[in-house]
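Worksheet: the structure to be examined is printed underneath.
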Amino acid sequence: MNVFQAYKSKITDVLGTLGLPDGMDFSRVTVEPPRDASHGDMATNAAMVLAKQAGQNPRQLGEAICEKLKASNDVKEASVAGPGFVNFRLSDSAWADVVRDILQSGTAYGQSDLGKGIKVNIEYVSANPTGPMHAGHVRGAVIGDVLAGLMAKAGYDVTREYYFNDAGAQVDVLARTTHLRYREALGESIEIPEGMYPGEYLKDVGNSLADRDGDKWVGKDEAEWIDPVRTFAVDYLIEEIKKDLALIGIKHDVFTNEREIVENGTLADSFKKLEDLGLIYQGTLPPPKGKEMSDWEPVELTLFRSSNFGDSTDRPLKKRDGTWAYIMPDIAYHYDKVHRGFDILINCLGKDHGGYLERMRPAVKAFSNKAQLDVIFNGIVKILKNGEPVKLSKRSGNLITLREMVEEVGAGAVRFFMLARTPDSELEFDFTKAVEQSKDNPVFYVQYAHARCHSVLRNAKEALPDLDTSEKALVAADLSVLKTDDDLALVRVLANWPRVVEAAAEAREPHRISTYLQEVAAAFHSFWSKGRDDDSLRFIMPDNKPLSLARLALVQAMATVIASGLGVMGVEPVEEM
RNA sequence: GUCUCCGUAGCUCAGCUGGAUAGAGCACCGGUUUCCUAAACCGGGUGUCGCAGGUUCAAGUCCUGCCGGAGACGCCA
């Protein structure tokens, strides 16, 4: 249950009883927590938004809303402030209901039906199988995975997908390098020429191929071995990638590859579809602007009228030699996704793929007037150790692998840090900070709050042996005794979780979960410390069992929300540290 | 040249998709442990929210233009 949603419909009901003109537009009415808690528990802009339509002044309309609200049992007080905000406070029992709802829902609290019936495909990672996962892949992987979890929690029907290219020139290079490593495994002395993959990891692939096939592919023409070697290398590396991803808890529902798209006829179908729509023609493009191209010459090509759909230019689908240009398989792949019935397609890509959306969106629009394509671009990650940048160089094969990151700092910290900032910003990942046990480390800070909650619950059993503190007893407790500002401050933070889930899902900004959890942790640590000075603000009070029980319920709710948030982020909550 | 994103405190960044007096952390100064984890908390902020217009009851948030930064723009993948 989202209390803000609940009170929004209450406000709507109230508005209905005020004798306002028919057919008013309530869509801009919001019910939110005010920025400053001293204003009240909730605030609505209804009076200001509707004043003009209703032909009343905002404060007058606000007063009318207040009167009606006050008549309700769950509203303690209501007043008009500033230009016409209606601020109101909930009764203690209304807040008690929120806590009880959290306890009853468990970590399912925060779920929403916002995306009910909407099919979403989130494509992320999608690294080509040419090597192990490394630091450069991790951020997009985590963002995609958490976005998937987030949207699932917001009620969307989510498919997690991985697309890889196993048919281009890049993969042929992989096959040739693998063949060299294979010969090496059989005792030849080899050298990896410029332009091939220098990484040591291909030795394993070569060894493995030698184990399976012996000298079967030695001394043969490339034409004979390239297909089987390519397939072998791709299969091997995809399995390695899956293992790497599993280390940070990422598992895709669907893997799709380019070869499949070509071989099962999807590519041909999608091209025919574009032809049928009259979007294919033979023509000549003007030279690309803003870039010197000495070798450019006009030539007639098979073009897609992508400019009909907002692209800045039409795009060639075939090269001058008649083979498919690289975007054609991608277009076909999106055609396939549209046909699988997705309403929303989301791709998580690095910022260096900047032009991708502009090129792919026209195709999606051509295939469907319903499906919507979004791309989340993530900025680069700078890897630091002790504040010093660590160089990432793919060429030399000297790169930080995902495996190393997880081994050094743990999966939870890797995931949490990757969500520390808005996706498109640059991000620093400091190995030293990620393992630091201090407030400076957000993972630690949030985990510590969760562990402290459980510590309280454990201690309560000993300190209050004759009190039933089982989950059942907590749910049944009289929670209306939670009425100090400090208690309610915690409840208010917890009540926000469903809003955060919805807003973050809609904005496609998984990092908001991380920001929110830090708020929750701060609120908890703060309350905790107050108990040191003021005995009446402790959780466990042998002299006041009813309040203790209610406070324990609050602590349980706190732990639940943190666990729920960490769950969305794919981080395992710890109960002790 | 065109397009996208960014510009908020000394530093790193949030800012709930238009709300009230713009917030955290770091750094700096000071305080808090006979007591549920001090791995924490509390107090200390004179910010042209890049600049200039516009939209509105209300703009850091939306629109236009400019300045500054990053990235993307080939029949390459």
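Throughout, a chain's letter reflects where its sequence line sits, starting with A, and its residues are numbered from 1.
- Distance CG (A/Leu303) to C1' (B/G74): 13 Å, rounded to an integer number of Å.
- As judged by a 4.0 angstrom heavy-atom cut-off over every strand, A/Ala43 is placed among the base-contacting residues.
- Atom name C1', nucleotides B/G7 and B/C11: the rounded distance is 15 Å, in whole Å.
- The aromatic ring of A/His39 sits over the base of B/A20, with ring centres less than 5.5 Å apart and planes tilted by under 30°.
- Within 4.0 Å (heavy atoms only), A/His511 reaches sugar-phosphate atoms of the nucleic acid but no base atom.
- Among B/C57, B/A40, B/C76, the nucleotide with an atom closest to any side-chain atom of A/His525 is B/A40.
- Cation-pi geometry between A/Lys351 and A/Phe377 is not met: the NZ or CZ atom fails to fall both under 6.0 Å from the ring centre and inside 45° of the normal.
- With a glycosidic angle further than 90° from 0, B/U12 counts as anti.
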RNA chain B base-pair string [pairs: Watson-Crick or G-U under 3.5 Å; |: paired with another strand]: (((((((..((((.....[...)))).(((((.......))))).....(((((..]....))))))))))))....
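- For A/Asp424 and A/Pro298, each mapped to the nucleotide of RNA chain B holding its nearest heavy atom, the one lying further toward the 5' end belongs to A/Asp424.
- In the set B/C5, B/C41, B/U37, B/C41 carries the atom at the smallest distance from any side-chain atom of A/Tyr445.
- Distance A/Arg421 CZ to B/G25 C1': 9 Å, rounded to the nearest Å.
- Note that CD of A/Glu506 and CG of A/Leu114 are 4.5 Å apart. Values are rounded to the nearest 0.5 Å.
- One can place CD1 of A/Ile327 at 10 Å from C1' of B/C75, the figure rounded to the nearest angstrom.
- For A/Phe539 and A/Phe527, the distance between ring centers is under 6.0 angstrom.
- Here the P atom of nucleotide B/A70 and the CG atom of A/Asn378 are 19 Å apart, to the nearest Å.
- With B/U37, B/U56, B/C16 as the candidates, the nucleotide lying closest to the side chain of A/Lys52 is B/U56.
- A 4.5 Å side-chain heavy-atom check between A/Asn441 and A/Lys433 finds every atom pair outside the cut-off.
- Checking the phosphate oxygens (OP1, OP2) of B/A39, no side-chain nitrogen or oxygen of A/Asn441 falls inside 4.0 Å.
- Residue A/Pro83 places its side chain closer to B/C57 than to any other of B/C57, B/A39, B/A14.
- When the P atom is used for both B/A59 and B/A39, the distance is 46 Å, rounded to whole Å.
- For the pair A/Lys439 and B/G25, the criterion of a side-chain N or O lying under 4.0 Å from OP1 or OP2 is met.
- A heavy-atom distance below 4.5 Å is not found between the side chains of A/Met541 and A/Asp535.
- Annotation: A/Asp25, atom CG; neighbour count of heavy atoms from other residues, nucleotides and ligands within 6.0 Å is above 12.
- Rounded to an integer number of Å, the gap from A/Leu357 CG to B/C73 C1' is 13 Å.
- Here A/Phe85 lies parallel enough and close enough to stack on the base of B/A20, with planes under 30° and ring centres under 5.5 Å apart.
- Taking the charged nitrogens against the carboxylate oxygens, A/Asp172 and A/Arg230 do have a contact shorter than 4.0 Å, which makes a salt bridge.
- With RNA chain B read from its 5' end, the first of the two nearest nucleotides for A/Glu506 and A/Arg320 is the one closest to A/Glu506.
- Side chain of A/Tyr448 to backbone of A/Ser438: no donor-acceptor contact under 3.5 angstrom is found.
- The nearest whole Å value for the distance from the CG atom in A/Leu50 to the P atom in B/A58 is 17 Å.
- Remark: aromatic rings of A/Tyr445 and A/Phe416 are distant, center separation not under 6.0 Å.
- Considering only side-chain atoms of A/Pro316, the nucleotide from B/C41, B/A20, B/C75 that sits closest is B/C75.
- Atom CD of A/Gln60 has more than 12 heavy atoms from other residues, nucleotides or ligands within 6.0 Å.
- Side-chain contact, A/Asn87 with A/Ser79: no donor N or O sits under 3.5 Å from an acceptor N or O.
- Side-chain contact of A/Thr130 with A/Asn128: a donor-acceptor pair under 3.5 Å is absent, judged by distance alone.
- Between B/G47 and B/C6, the distance separating the two P atoms is 25 Å to the nearest Å.
- Nearest nucleotide to the A/Lys319 side chain, out of B/C75, B/A20, B/A40: B/C75.
- For A/Thr422, the listed nucleotide lying nearest its side chain is B/A14; candidates were B/A14, B/A39, B/C75.
- One C1' atom belongs to B/A72, the other to B/U55, and the distance between them is 31 Å to the nearest Å.
- Taking only side-chain atoms of A/Val49, from C-beta outward, the nucleotide of B/G15, B/G19, B/U37 with the closest atom is B/G19.
- Nucleotides B/G18 and B/G60 are separated by 13 Å at their P atoms, to the nearest Å.
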Contact pattern, 5' to 3', of nucleotides 28-34 of chain B - B, S or - by protein heavy atom under 4.0 Å: ----S--
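- Distance from the side chain of A/Phe539 is smallest to B/C36 among B/G15, B/C36, B/A20.
- When the options A/Asp41, A/Asp485, A/Asp487 are evaluated for a salt bridge (charged side-chain N to carboxylate O under 4.0 Å, His left out) with A/Arg492, the one that passes is A/Asp41.
- Distance, A/Gln447 CD to B/A40 P: 14 Å, rounded to whole Å.
- A/Arg35 contributes a side-chain N or O that forms a donor-acceptor pair with the base of B/G60 under 3.5 Å.
- A/Ala81 comes within contact range of at least one nucleobase, with a heavy-atom separation under 4.0 Å.
- Taking atom P in both B/U2 and B/U56, one finds a spacing of 30 Å when rounded to whole Å.
- With both ends at atom P, the span from B/A14 to B/A52 equals 24 Å, rounded to whole Å.
- Relative to the ring axis of A/Trp324, A/Lys318 places its NZ or CZ within 45° and under 6.0 Å from the centre.
- Note on A/Arg452: every side-chain N or O is 4.0 Å or more away from OP1 and OP2 of B/U37.
- For B/C35, the base has a donor-acceptor partner in the side chain of A/Arg538 [N/O atoms by modelled type, under 3.5 angstrom].
- Within the nucleic acid shown, A/Val456 comes within 4.0 Å of sugar-phosphate atoms alone, with no base atom in reach, counting heavy atoms only.
- Taking atom C1' in both B/G25 and B/G74, the straight-line distance is 46 Å, to the nearest Å.
- Among the heavy atoms of the strands lying under 4.0 Å from A/Arg512 are primed sugar atoms or P, OP1, OP2 only; no base atom is included.
- Of the listed nucleotides (B/G15, B/A20, B/G19), B/G19 has the atom at the smallest distance from the side chain of A/Met48.
- Between the base of B/A20 and the side chain of A/Asn87 there is a donor-acceptor pair shorter than 3.5 Å.
- For A/Arg499 against B/C16, a side-chain N or O and a base N or O form a donor-acceptor pair under 3.5 Å.
- Atom CG of A/Asp535 is separated from atom P of B/C35 by 12 Å (rounded to the nearest Å).
- Between B/A39 and A/Ser438, no contact under 4.0 Å exists linking OP1 or OP2 to a side-chain N or O.
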